[in-house]
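Contents: one structure, followed by commentary.
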Amino acid sequence: MAAAREAFAENGFETTTVRAIAARAQVDPAMINHYFGSKEKLFLAAVDAPLDPHDLLETAEPVLPEDVGEHMVRTLLRAWDSPAGVAGQALLRSAFRGPTGAALLREFIDLRILRPMLDRLEPDPVMARWRGSLAASQLGGLALVRYVLRIEPLASAPTEQVVAAVAPQLQHYLTGEVGRPG
């Protein structure tokens, strides 16, 4: 796990290979595939994610582009209000402890939350990254203030009130006019 964390933190998910992790850990790559099944599952284990947000965001019915902000806020609140929320808090706190934790969390958010959603909403890769970083600021701020710092009245506000307040801004970041970065 240490080799996987270091490799993912240094090189990101896309460029890190199972073979490189195996070499760093001095094990056979087949052993990693046997125990984890895929590079994505190894990454989730390395990040110590309590659940896979990509799986939570996927629904039986496609989410309409005009509803994606509300869907993402509801999904975040449902996940953080579940027993997995405690582990989510630990994951968020780890980002503040050093560059490895920050790099892993950044890669996790990009790979498992933002990229799958933005691939469907924004064809321009520059704008997709811009929209993703704006959305991450909103969702990350919500998680930090409500669940880690527990700043009132947001910390104890009813779910529907939080969704009504946050979803429109998130929707704007995802599909509204935000200008080009730079």
Could you tell me the separation between the [atom1] atom of [X] and the [atom2] atom of [Y], rounded to the nearest 0.5 Å?
| X | Y | atom1 | atom2 | result |
| --- | --- | --- | --- | --- |
| M1 | L42 | CE | CG | 5.5 Å |
| I109 | S133 | CD1 | OG | 11.5 Å |
| T175 | L64 | OG1 | CG | 11.5 Å |
| I113 | L139 | CD1 | CG | 7.0 Å |
| H71 | D67 | NE2 | CG | 10.0 Å |
| L142 | L170 | CG | CG | 9.5 Å |

Open item on the list: Once salt bridge (Lys or Arg N to Asp or Glu O under 4.0 Å) is applied, what residue pairs with a partner in residues 127-137 remain, sequence neighbours excluded?
Closed with: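 The answer is D110-R129, E122-R131.
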Open item on the list: Test: salt bridge (Lys or Arg N to Asp or Glu O under 4.0 Å). Region: residues 164-175. Which pairs qualify, not counting sequence neighbours?
Closed with: none
Open item on the list: Evaluate V178 against M127 for side-chain contact (heavy atoms from CB on, under 4.5 Å), listing each step before the verdict.
Closed with: CA-CA 9 Å; V178 293; M127 288 303 294; 3.7 Å; yes
Task: Joint hydrophobic cluster, L134 plus L118, side-chain heavy atoms closer than 4.5 Å - done: no
TODO: Kindly indicate, with the supporting measurements, whether the criterion side-chain contact (heavy atoms from CB on, under 4.5 Å) is fulfilled by R120 and V68.
DONE: CA-CA 10 Å; R120 289 181 267 178; V68 73; over 6 Å; no
Looking at residues at least two apart in the chain, or sitting in another chain, which of them share a side-chain hydrogen bond (donor to acceptor under 3.5 Å, both in side chains) with [X]?
| X | value |
| --- | --- |
| E70 | R74 |
| E6 | R24 |
| T15 | none |

Which atoms form the tightest heavy-atom contact between [X] and [Y], and what is the distance?
| X | Y | answer |
| --- | --- | --- |
| Q169 | Q138 | CG-OE1, 3.4 Å |
| L174 | A135 | CD2-CB, 3.8 Å |
| G132 | L114 | O-CD1, 3.2 Å |

- [ ] Taking R146 for its side chain and L77 for its backbone only, find out whether a donor-acceptor pair lies under 3.5 Å.
- [x] no
TODO: Measure from the side-chain N and O atoms of R150 to the backbone N and O of A155, and report whether any donor-acceptor pair falls under 3.5 Å.
DONE: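 Checking the backbone N and O of A155 against the side chain of R150, no donor-acceptor pair under 3.5 Å is found.
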- [ ] Start with the C-alpha gap between V166 and L76, add the side-chain angles, then the distance that decides, and say whether side-chain contact (heavy atoms from CB on, under 4.5 Å) holds.
- [x] CA-CA 11 Å; V166 176; L76 178 135; over 6 Å; no
Open item on the list: Please determine whether the number of non-hydrogen atoms from other residues, nucleotides or ligands lying under 6.0 Å from atom CD of Q26 exceeds 12.
Closed with: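 Incorrect, the count does not exceed 12.
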Task: Pairs meeting criterion ring pair (Phe, Tyr, Trp, His ring centres under 6.0 Å) with involvement of residues 130-182, two or more places apart - done: W80-Y147
